[in-house]
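In what follows, a single structure is set out as structure tokens and then discussed.
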There are 2 protein chains.
Amino acid sequence: MPKVVDHEQRRRELAEAALRVVVRDGAAGASVRTVAAEAGWSTGALRYYFSTQRELREFVATVVNERVERRIRERVEADRGRLPLLELVAGLLEELIPLDERRREEFLLWLAVTEWSRQEPLAGAEELWDGQRGLHVQVVFALAGFEGEPVNVDPRVQTWAEYLHVFVDGLATQAMFVPARMPPERIRAVLREFLAEVPRLAAG
Amino acid sequence: MPKVVDHEQRRRELAEAALRVVVRDGAAGASVRTVAAEAGWSTGALRYYFSTQRELREFVATVVNERVERRIRERVEADRGRLPLLELVAGLLEELIPLDERRREEFLLWLAVTEWSRQEPLAGAEELWDGQRGLHVQVVFALAGFEGEPVNVDPRVQTWAEYLHVFVDGLATQAMFVPARMPPERIRAVLREFLAEVPRLAAG
DNA sequence: AATAAATTAGCACAGTCGTGATAGAAAGAG
DNA sequence: CTCTTTCTATCACGACTGTGCTAATTTATT
């Protein structure tokens, strides 16, 4: 029998090459040839795993989502009540904001995915948002002084989770597009100031 | 002497064709040929007014900025104290949020400009932000019950202007990218709820 | 070693891209 | 009318795009 490779792993490897190309050359620069070259393969090999460009792009979208979710999860699991609550929470939410080169790249990738899906809708665009909304509910739930799992949450908690979600998205947008006006330190400070208001407002 | 055309006006006409193409085909679709065709001219004619693609893109950026600013200004001048303050303010800020097709197109255009300027920096990216920040200061200044021009504004006003600016950017982002989760009615409601909180918080 | 299936490389095709260059058309001044 | 300058159309060039296709290569099994 023939040589056999782990398809899923190879796809992942090729997708990561695509990520690098997008970060380097922008959404429009991720052609079949550039991605293949970045991965060190021929275009034929690439097209054996992604028979069409659309398939590749959809896979890139899922990989990006996975990355963000994994980082959040790791951060939650790493802390065992050692950090002050507000600091822990701020750290979590900062994972969603392009404050350094790594997170900036992720944001760029997400932008590229949305740009692609404007031409032809790609799978898995709203899943990321749902996960983030859940995170914000948990955060406000905890900040408001509640314990345990956030089930049947107070409407005020729900409302301020929504506000906080919107606020963090706004911070991310400004951190990305006007870094001169909103440098990382300023973003961090504004986030913490706002978070400090939340317990009083959300708990009543 | 020869036939003479109003250069500035012709440039504007061509730029608007470019806007339509970007809205229809995305940032990557705005090529010299497609824009020329959309405008009903030959590529040679287009390149007579924009000798390089970069020039065209920079001009598109300025046209987009002008549009948003003009609409805001018109709205301010149209109202002469007839609307309740909160309603006037909400209407102003909604001009920055992609709630209908028109504003959605403007947001798309702005996204295209930022995508372009990732490859090679374009002039006039941060001017838009400065104008918006000024608007938010005015808004919070008025909401907090102050009169006249916002000079030497209270630090609390400054802070909540910043918060509101971030919040509105977040609303715009979500209205654009997860319209199913955050439909226009919801965006409007959330904006007004948040605005209702501002006077109390910003005035002390 | 022979075989057969999985994998890879590479070319071909019909497009599109941005830009340089040049020839022709248009139109007001003399 | 002719001239002169502005404007417009068009072709050429090399490079790039996604995809179809085929031939070569690899490799585990018989």
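Just so we're on the same page: letters track the sequence lines, and every chain starts at 1. Only this structure's heavy atoms are used, side chains among them; waters, hydrogens and symmetry mates stay out.
A straight line from CG of Leu46(B) to P of dC7(D) spans 15 Å, rounded to a whole angstrom. Straight-line distance from the CD atom of Glu8(A) to the P atom of dT7(C): 13 Å, rounded to whole Å. Atom pair His7(B):NE2 and dT5(D):C1' shows a separation of 12 Å (rounding to whole Å applied). Atom CD in Gln9(A) sits roughly 16 Å away from atom C1' in dT7(C) (whole-Å rounding). Rounded to a whole Å, the CZ atom of Arg10(A) is 11 Å from the C1' atom of dA6(C). Per the geometry, CH2 belonging to Trp116(B) stands 14 Å off C1' belonging to dG18(C), to the nearest Å. Between the CG atom of Leu14(B) and the P atom of dC7(D) there is a distance of 13 Å, given to the nearest Å.
Under the salt bridge (Lys or Arg N to Asp or Glu O under 4.0 Å) criterion, Arg188(A) pairs with Glu94(A), sequence neighbours left out.
The stretch residues 59-69 of chain A participates, sequence neighbours left out, in these salt bridge (charged side-chain N to carboxylate O under 4.0 Å, His left out) pairs: Arg12(A)-Glu66(A), Glu16(A)-Arg67(A). Each ring pair (Phe, Tyr, Trp, His ring centres under 6.0 Å) pair with one or both residues in residues 57-89 of chain A, not counting sequence neighbours, appears once here: Phe50(A)-Phe59(A). Sorted by first and then second residue, the salt bridge (charged side-chain N to carboxylate O under 4.0 Å, His left out) pairs with a member in residues 171-185 of chain A read Arg181(A)-Glu126(B), Arg181(A)-Asp130(B); sequence neighbours excluded.
Checked by atom type and distance alone, the side chain of Thr52(B) never pairs as donor or acceptor with a backbone atom of Glu55(B) at under 3.5 Å. Side chain of Glu115(A) to main chain of Ala27(B): a donor-acceptor pair is present (N/O by atom type, distance under 3.5 Å, no hydrogens or angles). The main-chain N or O of Val68(A) is never found under 3.5 Å from a side-chain atom of Asn65(A) such that the two would form a donor-acceptor pair.
Contacts of Tyr49(B) with the nucleic acid, taken as non-hydrogen atoms under 4.0 Å apart, involve only primed sugar atoms and P, OP1 or OP2.
Between Val22(A) and Leu108(A), the closest side-chain pair of non-hydrogen atoms is not below 4.5 Å.
When the side-chain nitrogen and oxygen atoms of Tyr48(B) are compared with OP1 and OP2 of dC7(D), one or more of them lie within a distance under 4.0 Å.
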Apply salt bridge (charged side-chain N to carboxylate O under 4.0 Å, His left out) to residues Arg10(B) and Glu13(B) and explain how you reach the verdict.
CA-CA 5 Å; Arg10(B) 174 63 55 85; Glu13(B) 174 190 340; 3.5 Å; yes

Base-pair map of DNA chain D as dot-bracket, where | denotes pairing with a different strand and pairs are Watson-Crick or G-U under 3.5 Å
.|||||.|||||||||||||||||||||||

Reading nucleotides 9-21 of chain D from the 5' end, what letters show protein touch, with B for base, S for backbone sugar-phosphate only, - for no heavy atom under 4.0 Å?
BB-B----BBBBB

